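Presented below is the structure to which this report refers.
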Protein chains: 2
Amino acid sequence: MAKLAGVSMATVSRALSSPAVVREKTLERVQSAIAALGYVPDASARTLASGRSRTVGAVVPTLDNAIFSNAIQGLQTTLAEHGYQLLLATHNYNLKSEIAVVRALSERAVDALVLVGSEHAHETFSILEKSGIHALLTWSLSNDYPCIGFDNFEIGAMAARHLLELGHRRFGMISGITRHNDRARQRVEGFVNTLKAHGLAPQPGAICEQPYGFAGGRAGLQRLMSVGAERPTAIFCGNDVLALGCLFEAASLGIRVPDDLSVIGCDDLPIAAEIAPGLTTISLHTRQLGELAAHALLDWSQDGTIPGRTELPVSLARRGTTGPAPQ
Amino acid sequence: MAKLAGVSMATVSRALSSPAVVREKTLERVQSAIAALGYVPDASARTLASGRSRTVGAVVPTLDNAIFSNAIQGLQTTLAEHGYQLLLATHNYNLKSEIAVVRALSERAVDALVLVGSEHAHETFSILEKSGIHALLTWSLSNDYPCIGFDNFEIGAMAARHLLELGHRRFGMISGITRHNDRARQRVEGFVNTLKAHGLAPQPGAICEQPYGFAGGRAGLQRLMSVGAERPTAIFCGNDVLALGCLFEAASLGIRVPDDLSVIGCDDLPIAAEIAPGLTTISLHTRQLGELAAHALLDWSQDGTIPGRTELPVSLARRGTTGPAPQ
DNA sequence: GTGAAAGCGCTAACAG
DNA sequence: CTGTTAGCGCTTTCAC
């Protein structure tokens with residue numbers, strides 16, 4: 001024991017967790033003993049005895065999507081700065097996996113958990129309640145739980161307004177898979193409802209769901225262009241990767257953007273600014289979301305401050321791939 | 001206690017960790033009691049008592065680079081399938097941060113740790129030794145530690161050979177920052193040494209280090225094109241993001257690829273296949289690296305099988321942005 | 001300010 | 001196959 005340095009284990013413990021409460025001289029002796037012995041405290045013992053693990057869990061759909069890995073990067077970095085570690089898990093948009101993963105993390109005695117979206121299995125919520133783990137929802141807004149996210153309905157509405165202002169009248173949308181994904185669903189709703197409000201409800205078949213990836217964006221454009229005479233002159237893509245795929249396919253098909261077709265995405269990935277013409281897209285600041293989430297969780301588990309509902313701003317970025325309606 | 005279901009806590013423990021060793025009837029009773037009570041085992045207590053946490057740590061430079069987030073995705077998914085959790089940390093290419101983070105994870109009693117690259121601070125290695133934590137190096141190959149990675153020297157050599165075969169004689173390279181990054185450094189060495197072996201040592205100034213990002217690739221091309229008359233006809237970029245930035249800048253500058261300039265990257269990101277012409281690049285299979293690492297760690301901490309040195313294949317993908325030397 | 005003692009909830013021999 | 005008995009290494013009252 002490091003208390004071969006003349007003090008009791010209780011004092012060592014205090015020297016480590018609340019240095020302010022031990023006399024300066026004692027503190028020094030403890031610290032040099034620690035250095036000499038190469039002593040490393042055991043987190044599992046600390047957790048067991050104190051009930052706090054200084055670890056937070058995060059469950060995201062996948063890290064293959066840059067928006068999530070960026071947010072996790074921000075979350076982890078901020079947590080680490082405050083002595084917290086990150087237990088990370090993914091569920092690949094599978095509700096069962098999410099339940100399993102949340103259960104696994106809850107056993108790990110995480111001090112708090114961040115989830116993506118507001119739609120989760122009943123069981124997920126009940127595990128959280130029973131274990132009393134603080135949960136923070138991200139990306140979406142919720143009235144029932146602490147959350148920090150975007151108004152996804154507004155994102156869709158914003159895209160619609162932009163396109164309407166440019167004079168378009170025939171619209172298409174390439175959405176991500178909406179099943180078990182409230183973000184994707186709300187973007188569709190925001191887009192469609194806004195068009196409807198202008199008496200321009202999109203035709204059946206004009207809303208096309210595609211799996212995440214460039215291939216999805218390509219397939220989406222093919223579908224939307226094959227509906228006959230009433231081809232859309234403007235397409236809203238639920239995220240930038242679909243938008244990029246759509247753009248690549250347009251190039252393959254010889255469709256000029258934005259002359260023949262306007263395309264707008266969402267996320268504002270770094271590459272959106274690099275391609276020519278720059279992709280019109282909606283900025284989200286996902287990195288910041290991760291950092292804010294970290295601070296909210298830190299405050300929650302340290303001071304007991306329950307986070308409220310934080311809405312992050314969204315805004316239109318660039319206007320390269322959208323332009324006036326043809327003719 | 002769940003042993004209100006008629007058995008001792010020891011039996012509950014066995015029912016959970018080695019179900020094969022308890023009688024079927026007893027097992028059932030325990031399980032229904034568990035379900036009824038909503039009992040959730042406490043991982044910190046299990047860890048403290050057993051000395052195993054069923055948690056592995058991973059330390060990567062950053063998640064903002066898709067190659068790392070892909071590998072982590074593979075690692076985490078595979079670990080979860082076997083009941084293991086992932087503690088994730090990043091260091092942003094900062095040696096001090098890495099030490100801090102490795103220390104933090106070692107306190108968390110991780111059963112094993114995965115690191116990126118073979119170059120680390122002495123202190124990092126000594127923490128690992130003292131704590132006896134199993135460490136697996138990834139991305140690079142090592143003769144001293146268990147590892148699973150790529151031959152980064154060969155990657156540079158492969159790029160050089162490809163360009164030499166196309167008849168190029170004046171070369172440039174846009175490398176990632178080589179300080180504290182053995183992968184980047186070895187790629188440079190492989191490239192340069194191979195050229196030297198053919199009597200075609202690149203001029204001073206032809207090897208240009210740039211920070212990761214599209215901007216780095218753009219700046220790199222500007223630098224290489226401003227060296228005067230002896231402009232390179234072929235450029236090897238240390239990774240695809242730099243290569244893409246280089247390509248974007250070439251487009252801005254009116255340099256035709258591959259007619260005026262050949263560009264080759266490394267990583268084979270999904271977008272490499274989508275842009276036109278497809279980016280010539282070297283495939284790495286980082287997802288697989290993550291999965292293999294998971295299996296290696298699982299075997300190591302469960303059966304004690306010490307992983308050896310695994311070299312993952314690399315190969316040339318596509319030939320869109322490279323072509324014969326001009327003239 | 002500091003020490004002594006009582007666990008935190010589980011696993012791991014050891015009997016039986 | 002199952003119960004009993006010790007701790008795992010720390011935090012935390014409670015006295016001093």
Side-chain angles (χ1 to χ4, degrees), chain A residues 1-34 37-55 83 85 103-111 130-133 301-302, chain B residues 1-34 37-55 83 85 103-111 130-133 301-302:
Chain A
M1 275 301 191
K3 81 200 81 112
L4 301 183
V7 299
S8 73
M9 56 194 292
T11 302
V12 175
S13 174
R14 283 187 283 254
L16 259 45
S17 28
S18 23
V21 87
V22 319
R23 204 196 311 166
E24 180 122 15
K25 282 212 89 169
T26 326
L27 216 171
E28 282 172 17
R29 256 185 315 151
V30 173
Q31 291 178 330
S32 52
I34 285 179
L37 286 264
Y39 167 78
V40 170
D42 179 316
S44 53
R46 298 183 94 164
T47 301
L48 182 58
S50 71
R52 294 191 22 209
S53 62
R54 298 186 155 267
T55 295
Q85 297 304 312
R103 189 193 309 285
L105 291 187
S106 73
E107 294 179 12
R108 264 24 184 219
V110 291
D111 291 344
K130 265 177 203 152
S131 57
I133 293 180
S301 50
Q302 289 177 345
Chain B
M1 274 300 188
K3 83 201 80 118
L4 301 184
V7 298
S8 73
M9 57 196 290
T11 302
V12 175
S13 174
R14 282 186 283 254
L16 259 46
S17 28
S18 23
V21 87
V22 320
R23 205 197 312 166
E24 181 122 14
K25 283 213 84 171
T26 325
L27 216 171
E28 283 173 17
R29 259 186 315 153
V30 173
Q31 291 180 330
S32 52
I34 286 179
L37 285 267
Y39 167 79
V40 170
D42 180 316
S44 53
R46 300 182 93 168
T47 301
L48 183 58
S50 70
R52 296 193 19 210
S53 62
R54 299 188 153 269
T55 296
Q85 296 305 311
R103 191 192 309 284
L105 292 188
S106 73
E107 294 180 13
R108 263 24 184 218
V110 291
D111 291 344
K130 266 179 201 150
S131 58
I133 293 180
S301 50
Q302 290 176 345

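The chains referred to below are lettered A, B, ... by the order of the sequence lines, with proteins before strands, and numbering in each begins at 1. Please read all numbers here as calculations on a predicted model, not as lab measurements.
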Requested in this report: Could you tell me which non-hydrogen atom of B/Q302 sits nearest to which non-hydrogen atom of B/R52, and how far apart they are?
Outcome: CG-NH2, 4.4 Å
Requested in this report: Rounded to the nearest 0.5 Å, what's the gap from OG on A/S53 to CZ on B/R108? Could you check?
Outcome: 7.0 Å
For the residue pair [X] and [Y], establish whether any side-chain heavy-atom pair is separated by less than 4.5 Å.
{"X": "B/D111", "Y": "B/T55", "value": "no"}
{"X": "B/S131", "Y": "B/E107", "value": "no"}
{"X": "B/R14", "Y": "B/T11", "value": "yes"}

How many whole angstroms separate atom [atom1] of [X] from atom [atom2] of [N]?
{"X": "A/R52", "N": "D/dT11", "atom1": "CZ", "atom2": "P", "answer": "11 Å"}
{"X": "B/E28", "N": "D/dC1", "atom1": "CD", "atom2": "C1'", "answer": "16 Å"}
{"X": "A/E107", "N": "C/dG9", "atom1": "CD", "atom2": "P", "answer": "15 Å"}
{"X": "B/R108", "N": "D/dC8", "atom1": "CZ", "atom2": "P", "answer": "22 Å"}
{"X": "B/R54", "N": "C/dT11", "atom1": "CZ", "atom2": "P", "answer": "10 Å"}

Side chain of [X], heavy atoms from C-beta onward: which of [options] has the nearest atom to it?
{"X": "B/A49", "options": "C/dG3, D/dC10, D/dC8", "result": "D/dC8"}
{"X": "B/L48", "options": "D/dT2, D/dG9, D/dT11", "result": "D/dG9"}
{"X": "B/T11", "options": "C/dC10, D/dT2, C/dA4", "result": "D/dT2"}
{"X": "A/R23", "options": "C/dA13, C/dT2, C/dC10", "result": "C/dT2"}
{"X": "B/D42", "options": "D/dG3, C/dG3, C/dG9", "result": "C/dG9"}
{"X": "B/M9", "options": "C/dG3, C/dG9, C/dT11", "result": "C/dT11"}
{"X": "B/R46", "options": "C/dT11, D/dT11, C/dG3", "result": "C/dT11"}

Report summary line: 5'-most contact on DNA chain C (nearest-nucleotide basis), B/R14 vs B/A45, goes to B/A45
So, does [X] get its side chain near the phosphate of [N], meaning an N or O under 4.0 Å from OP1 or OP2?
{"X": "A/T26", "N": "C/dT2", "value": "yes"}
{"X": "A/S13", "N": "D/dC10", "value": "no"}
{"X": "A/S8", "N": "C/dT2", "value": "no"}

Query raised in the report: Within the structure shown, what part of the strands sits under 4.0 Å from B/S44 by heavy-atom distance: base, sugar-phosphate, or nothing?
Result: nothing
